[in-house]
**Q** 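Okay, here's the structure, questions in a sec.
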Amino acid sequence: MVAFMKLPSSLLQYFFLLLSVFVWKTSSVVKLPPNVSVPAVLVFGDSIMDTGNNNNNLVTTARCNFPPYGIDFPGRVPTGRFSNGKVPSDLIVEELGIKEFLPAYLDPNLQPEELATGVCFASGGAGYDSLTSQTASCISLSGQVDLFKEYIGKLRGVVGEDRTEFILANSIFIVVFGSNDISNTYFLSRIRQLQYDLPAYTDLMLSSASNFLKEIYELGARRIAVFNVPPIGCLPFQRTAAGGKERKVVVNYNNAVQFFNAKLSDQLHSLNHNLPTSRIVYIDVYSPLLDIILNYKKYGYKFGDRGCCGTGTIEVVLLCNHLTPLCSNDLEYVFWDSFHPTESVYKKLIAPILKKYLNDFL
């Protein structure tokens with residue numbers, strides 16, 4: 001102990017960082033091949049991945065840093081995660097054995113040593129379409145890239161140039177956008193329908209996604225996981241808004257999603273050929289989540305068409321608050337609120353997804 005106390009504080013921080021990483025790696029579920037390293041996870045996206053970047057943005061309604069959000073999070077703390085507990089960002093780093101939670105980059109309490117193992121840039125309400133983020137008053141795609149650039153500068157200051165290059169080249173970058181574009185900007189508000197038909201609008205989304213991926217590649221990203229858009233026509237809110245009196249699945253929404261997803265898959269295949277040393281992997285979350293929603297009883301749930309919060313049909317963000325009644329057991333529900341799955345569902349999705357696709361990065 002005396003010997004450690006004589007070390008410079010920066011070395012002490014590095015030692016304890018390595019120790020914490022080692023401890024988490026021993027508890028990881030996903031086993032990496034020998035001599036393969038995933039030092040960090042860096043996440044771009046929307047509310048599915050956001051771990052609290054919107055908390056101090058008082059302009060946006062896409063905030064949830066208040067009860068009952070976080071009711072199943074350690075300490076029952078509402079952290080700004082759009083869930084009753086952990087979100088996929090957390091579960092991914094946990095499964096990889098890196099750390100227990102992925103902090104929001106804009107968390108005012110973020111510690112410098114956290115940078116080397118990853119942060120989250122995602123912002124609830126964001127989309128590939130700049131208008132989507134503008135309408136939600138959240139951090140846009142370009143805004144998240146700006147945060148990433150700032151992050152790189154800070155990382156260099158903490159670990160140095162060589163280690164920074166290693167972290168960027170070997171980390172896994174997660175990209176999750178598209179739901180808000182199709183569900184909110186195109187169908188619900190119909191803003192973009194005045195300018196584009198669906199093929200043209202999905203081309204707009206695809207162009208933005210492609211430019212974004214090229215930009216983070218130029219900044220050093222190599223292992224990039226791009227999640228496809230989930231079956232938004234099955235979300236409780238969409239069923240309430242567009243599913244008729246019986247709140248049926250909104251088939252045309254899901255058809256639009258599948259149309260975009262097919263284009264996205266082809267585009268990622270093309271990018272892999274054009275960007276040397278890149279490993280950009282198309283991650284299918286649509287199919288496994290659709291199966292859970294439609295066959296919820298098979299997975300141990302009692303309710304697949306409504307959330308735990310309030311009536312479960314419309315309540316989300318500000319409408320899901322400390323005055324809103326909750327279900328007695330959120331483990332019985334596929335959805336936490338009218339937009340977002342429960343932590344239980346995320347756990348059923350993330351581990352199999354990592355096992356299925358991880359080797360594609362290595």
Side-chain angles (χ1 to χ4, degrees), residues 4-5 7-45 49-53 79-81 86-123 139 144-176 215-225 277-279 350 354 358 361-362:
F4 287 136
M5 293 303 292
L7 290 171
S9 60
S10 59
L11 288 179
L12 273 175
Q13 286 183 345
Y14 187 63
F15 169 77
F16 286 116
L17 177 61
L18 288 177
L19 180 62
S20 65
V21 170
F22 173 76
V23 169
W24 273 108
K25 281 190 176 178
T26 61
S27 63
S28 64
V29 174
V30 176
K31 301 300 180 183
L32 297 174
N35 302 318
V36 172
S37 174
V38 179
V41 171
L42 295 156
V43 174
F44 302 88
M49 292 291 179
D50 190 353
T51 56
N53 283 309
T79 60
R81 289 166 168 83
K86 295 179 181 179
V87 294
S89 301
D90 303 308
L91 298 175
I92 290 168
V93 292
E94 188 174 20
E95 287 290 325
L96 291 172
I98 296 174
K99 50 188 175 183
E100 188 175 5
F101 310 108
L102 191 69
Y105 178 69
L106 295 182
D107 183 347
N109 298 313
L110 181 69
Q111 298 300 306
E113 58 268 24
E114 289 273 19
L115 299 176
T117 51
V119 293
C120 178
F121 306 106
S123 176
I139 308 169
Q144 293 186 33
V145 172
D146 289 341
L147 293 180
F148 178 44
K149 292 176 181 177
E150 181 181 277
Y151 160 86
I152 294 172
K154 290 182 178 180
L155 184 62
R156 288 194 183 106
V158 175
V159 301
E161 183 69 35
D162 291 345
R163 182 64 184 172
T164 295
E165 289 186 9
F166 176 85
I167 289 171
L168 294 177
N170 291 279
S171 295
I172 292 181
F173 291 74
I174 311 290
V175 178
V176 181
E215 189 165 8
I216 63 171
Y217 172 86
E218 291 298 324
L219 291 169
R222 290 297 180 270
R223 298 170 169 173
I224 307 172
T277 71
S278 69
R279 291 184 176 88
I350 294 303
L354 282 175
L358 189 61
F361 294 103
L362 310 177

**Q** Of all the heavy-atom pairs spanning L362 and R279, show the shortest one and how long it is.
**A** O-NE, 3.6 Å

**Q** Under a 3.5 Å threshold, yes or no: a donor from one side chain and an acceptor from the other, between R156 and T164?
**A** no

**Q** Where is the tightest heavy-atom contact between L110 and E114, given as atom of each residue plus distance?
**A**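 Taking every non-hydrogen atom into account, CD1-CB, 3.7 Å.
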
**Q** Going through the distances and angles, do L96 and L358 end up as a side chain to side chain contact (heavy atoms under 4.5 Å, CB included)?
**A** CA-CA 10 Å; L96 291 172; L358 189 61; 4.2 Å; yes

**Q** Show the nearest heavy-atom pair for residues P88 and I350, with the distance to one decimal.
**A** CB-CD1, 3.8 Å

**Q** So which heavy atom on F44 is nearest to which on Q144, and how close?
**A** CA-OE1, 3.4 Å

**Q** Check whether any side-chain heavy atom of Y151 sits under 4.5 Å from a side-chain heavy atom of L42, and report yes or no.
**A** yes

**Q** Could you check I92 against L102 for side chain to side chain contact (heavy atoms under 4.5 Å, CB included), going step by step and ending with a plain yes or no?
**A** CA-CA 9 Å; I92 290 168; L102 191 69; over 6 Å; no

**Q** For residues F148 and E215, determine if any side-chain heavy atom of one lies less than 4.5 Å from a side-chain heavy atom of the other.
**A**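 When only atoms from C-beta onward are counted, E215 and F148 do not touch, as no gap falls below 4.5 Å.
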
**Q** Counting N and O atoms only, with roles assigned by atom type, does the side chain of N53 sit under 3.5 Å from a partner on the main chain of S123, one being a donor and the other an acceptor?
**A**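 Side chain of N53 to backbone of S123: no pair is present.
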
**Q** Do K99 side-chain atoms and G118 backbone N/O form a donor-acceptor pair below 3.5 Å?
**A**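 Side chain of K99 to backbone of G118: a pair is present.
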
**Q** Any idea which heavy atoms bring I98 and V38 closest together, and the distance?
**A**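 Looking at all heavy atoms of both residues, the closest pair is CD1-O, 3.5 Å.
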
**Q** Go through T51 and T79 one step at a time and tell me if the side chain to side chain contact (heavy atoms under 4.5 Å, CB included) criterion holds.
**A** CA-CA 7 Å; T51 56; T79 60; over 6 Å; no

**Q** Keeping R81 on the side-chain end and G52 on the backbone end, is there a donor-acceptor pair under 3.5 Å?
**A** no

**Q** Check whether any side-chain heavy atom of D146 sits under 4.5 Å from a side-chain heavy atom of I139, and report yes or no.
**A** no

**Q** Less than 4.5 Å apart, any side-chain heavy atom of T117 and any of V93?
**A** no

**Q** Which value, rounded to the nearest 0.5 Å, describes the distance between R222 atom CZ and I224 atom CD1?
**A** 8.0 Å

**Q** Which side-chain N or O atoms in residues 165-173 pair as donor and acceptor under 3.5 Å with protein atoms at least two apart or in another chain?
**A**
unit_1: N170; atom_1: ND2; unit_2: F166; atom_2: O; d: 2.9
unit_1: S171; atom_1: OG; unit_2: A40; atom_2: N; d: 3.4
unit_1: S171; atom_1: OG; unit_2: A40; atom_2: O; d: 3.4
unit_1: S171; atom_1: OG; unit_2: I167; atom_2: O; d: 2.5

**Q** If the condition is salt bridge (Lys or Arg N to Asp or Glu O under 4.0 Å), which residues does E218 pass it with, not counting sequence neighbours?
**A**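 E218 satisfies salt bridge (Lys or Arg N to Asp or Glu O under 4.0 Å) with no other residue.
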
**Q** Starting from the C-alpha separation in whole Å, work towards a yes-or-no answer on side chain to side chain contact (heavy atoms under 4.5 Å, CB included) for E94 and L91.
**A** CA-CA 5 Å; E94 188 174 20; L91 298 175; 3.7 Å; yes

**Q** Work out which heavy atom in V159 is nearest to a heavy atom in A116; give both atom names and the distance.
**A**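 Taking every non-hydrogen atom into account, CG1-CB, 4.1 Å.
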
